[in-house]
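Below: one structure, written as structure tokens.
Every value quoted in this text rests on a predicted model; they were computed, and no experiment measured them.
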Amino acid sequence: MKKNELTEFLQRQNEFLQGRLDEALASVSSLTLANEKLVATVDELRRQIASLEDVIKGRGAELSKEKAARQAVQRLQGSPSERQTKPMPAPAVSETPEQRPQKKRTNNGARRKTHPECEVETVVVEPDSPDFNPEAATFIGECDVVRYVMEPMRFKKIVYKVRKYVQDEKIYKGSAPATPLLNSQYTSSFIAGLAELRYLHCMPLENAVEYFRAHGFDLDKGTAQKLVSKVKVHLENLYKALGQAIVADNYICGDETYQKVRLQVATPSGRKIKKGYIWVFVGMTTGLVYFFYDDGSRSAEVFEQHIRGFSGAFQCDYYSGYRHIGIGGMSGIKRLPCLQHIKRKFLDLKDNPQAQEIAKLFGLLYHFEHQHRIGKDGWKAEKHLEWRQRYSKVMLEKIRMRLTAVKDRIGVPPDDPLLVATEHALKQWNEIPRIFTSPTYRLDNNEVERINRYISLTRRRLTIGSHSGAEAAALYHSLAITCHRCGVNVFDYFCDIIDRCAAWPPNTPIEKYRDLLPDRWRPSQK
């Protein structure tokens, strides 16, 4: 090929390739434009989706607020103690509290206690937002939010400026409130606080003094002891009235326990601490509790001295000091045994199948007894007495047959544990049916056992310094625990009766003090 022809051929090829390149560039340009449009479309769709999401979220938040508001209104409507200030419209069909079904108090969904016993203080809370303008806002309602606050023990020193005047050559002088003790600056509230901590909460007196000191009052232990011991003199007539009121009851549970008492003179063996027995009577009708102490003696004479004049049912264990009940000078008393003490002797024989079977039969008495309760579901005392006599007749016969079979075994040594437990039950067998002759008699003496725990807790923590200290403990324990059983505030009670007993002359008749005992006590009008 010639040079000219080759040049012309290359020019045509160049023109052809240039054309193809222009077409490719045009195609790329159109694709770029389309891509830009697609990106813009995608961005627009994303903005629209984000906007829809914001709308959905806002609507969800509004729905949540509306739901929470509805639930709050329902709670306020359903709560008897925390309602809105504005009256709510009455429902079409209203239910009384007795008709309304009670929800079970479980951990999940349990009703909150409203604590009506608390002092109530109302505080109005306004919005604190900087954008809030009370003049431009419209009040739409309020809700109650409760917070419980505890303030520790507070002490106050009150200085009375007692003024004196002369008028017509006569001096006039103001009078400050009296104290229960002569020449003392301490009011009855101090003795009440010490008595509650020491004799109800079983706190040693030195710990009570430390408690006072931790809350801002430096009280000496010696001063505290003198306050308690000297005020006891003012309460002795009240204590005597308590002893008379106990024996006036028709059903008493009794027991005794010991306290460690320090002796002033050592015994011949060199010991200075002894077991001093404290006795207790519990009036099951009145709810009164009467502790008494006589030099720590456990003799039956102490019991007979304080039970004198009683006529009714006395429930106790099989201690020898009670075995004269029903004979001699105590013929008017009907003894009731304690089934729990009898049953426990069989329960302790864990490896003996016969003993466990007898214990189960005694347990069935409790099972049938607890199927009904007087005052619950319309169950009356007359029906309960009929029920008791019906189930006890069958069960006691079964138990008696088992006990007789154990006793009639041949070749059993006298110290066999099962035989000892059986004879313990059979010795009281004629008295056991008496429990079921009344709808109110208890099957056991557990009420007294629970009360004696106050003494056992004290026994673990301290030793009483003398016999007179034990007598004071019996007095204060009696009044404090009686208050607790009768639902009376111990502190308020002691504050009131200490001042009243201190104001009465010593020769005041004992009968007048009867109305000051916790079961009849009413606060004085000041």
request  = Compute both the distance and the angle, then confirm whether R459 meets the cation-pi test with Y258: under 6.0 Å from the six-membered ring centre, within 45 degrees of the axis.
outcome  =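 So R459 does make the cation-pi contact.
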
key: Face-on cation placement of K170 at Y165 ring, 6.0 Å and 45° thresholds   =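 K170 over Y165 ring: no.
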
inquiry  = I'd like to check the ring-ring contact (aromatic ring centres under 6.0 Å, His included) partners of Y186; sequence neighbours left out, ordered by chain and number.
reply    =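 Only F190 meet the ring-ring contact (aromatic ring centres under 6.0 Å, His included) criterion with Y186.
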
For H215, all residues meeting ring-ring contact (aromatic ring centres under 6.0 Å, His included), sequence neighbours excluded =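 Applying ring-ring contact (aromatic ring centres under 6.0 Å, His included) to H215 gives Y211.
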
In Å and rounded to the nearest 0.5 Å, what is the [atom1] to [atom2] distance from [X] to [Y]?
X    : Y    : atom1 : atom2 : answer
T257 : Y454 : OG1   : OH    : 14.5 Å
H484 : Y493 : NE2   : OH    : 15.5 Å
L197 : M153 : CG    : CE    : 5.5 Å
F212 : D220 : CZ    : CG    : 12.5 Å

4.5 Å side-chain heavy-atom contact, [X] and [Y]:
X    : Y    : value
W279 : Y293 : no
R198 : P204 : no
L288 : L242 : yes
Q340 : N445 : no
V289 : R485 : yes
H424 : Y318 : yes
H467 : K274 : yes
V282 : I252 : no

ask   = Sub-3.5 Å donor-acceptor pair from the side chain of R442 to the main-chain atoms of E447, do we have one?
value =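 No; zero donor-acceptor contacts below 3.5 Å.
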
ask   = Sub-3.5 Å donor-acceptor pair from the side chain of T508 to the main-chain atoms of W504, do we have one?
value =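 Answer holds: no.
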
message = Please determine whether side chain to side chain donor-acceptor pair (under 3.5 Å) holds for the pair T285 and D249, giving the CA-CA distance in whole Å, both sets of side-chain angles, and the decisive distance to 0.1 Å.
response = CA-CA 7 Å; T285 305; D249 205 323; 2.9 Å; yes

Provide the closest heavy-atom pair for [X] versus [Y] in the form atom of the first, atom of the second, distance.
X    : Y    : answer
Q356 : F346 : NE2-O, 3.3 Å
A266 : K272 : CB-CG, 3.8 Å
C495 : S188 : O-OG, 3.1 Å
F155 : G216 : CD1-C, 4.4 Å

Side-chain donor-acceptor pair present, [X], [Y], cut-off under 3.5 Å:
X    : Y    : answer
Y277 : D294 : no
S524 : D496 : yes
S299 : S297 : no
Q244 : R514 : no

Side chain to side chain donor-acceptor pair (under 3.5 Å) between Y148 and H115, intermediate numbers included = CA-CA 9 Å; Y148 294 105; H115 296 285; 4.7 Å; no

message = Tell me which one of F314, Y319, F292 satisfies ring-ring contact (aromatic ring centres under 6.0 Å, His included) with F303.
response =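 Single ring-ring contact (aromatic ring centres under 6.0 Å, His included) partner of F303 among F314, Y319, F292: F314.
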
task = Would you check, one step at a time, whether the test side chain to side chain donor-acceptor pair (under 3.5 Å) holds for H384 with Q389?
result = CA-CA 9 Å; H384 193 63; Q389 293 175 342; over 6 Å; no

inquiry  = Applying side chain to side chain donor-acceptor pair (under 3.5 Å) to Q371 and Y391, what does each step give before you reach the verdict?
reply    = CA-CA 11 Å; Q371 286 187 0; Y391 80 75; over 6 Å; no

ask   = Salt bridge or not for K232 and E236, using N-O below 4.0 Å?
value =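 Counted as a salt bridge, because a side-chain N and a carboxylate O are separated by less than 4.0 Å.
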
ask   = Can the ring centres of Y239 and Y290 be said to be less than 6.0 Å apart?
value =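 Ring centroids of Y239 and Y290 are less than 6.0 Å from each other.
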
ask   = Step by step, would you call K383 with E386 a salt bridge (Lys or Arg N to Asp or Glu O under 4.0 Å)?
value = CA-CA 5 Å; K383 293 176 63 178; E386 294 176 5; over 6 Å; no

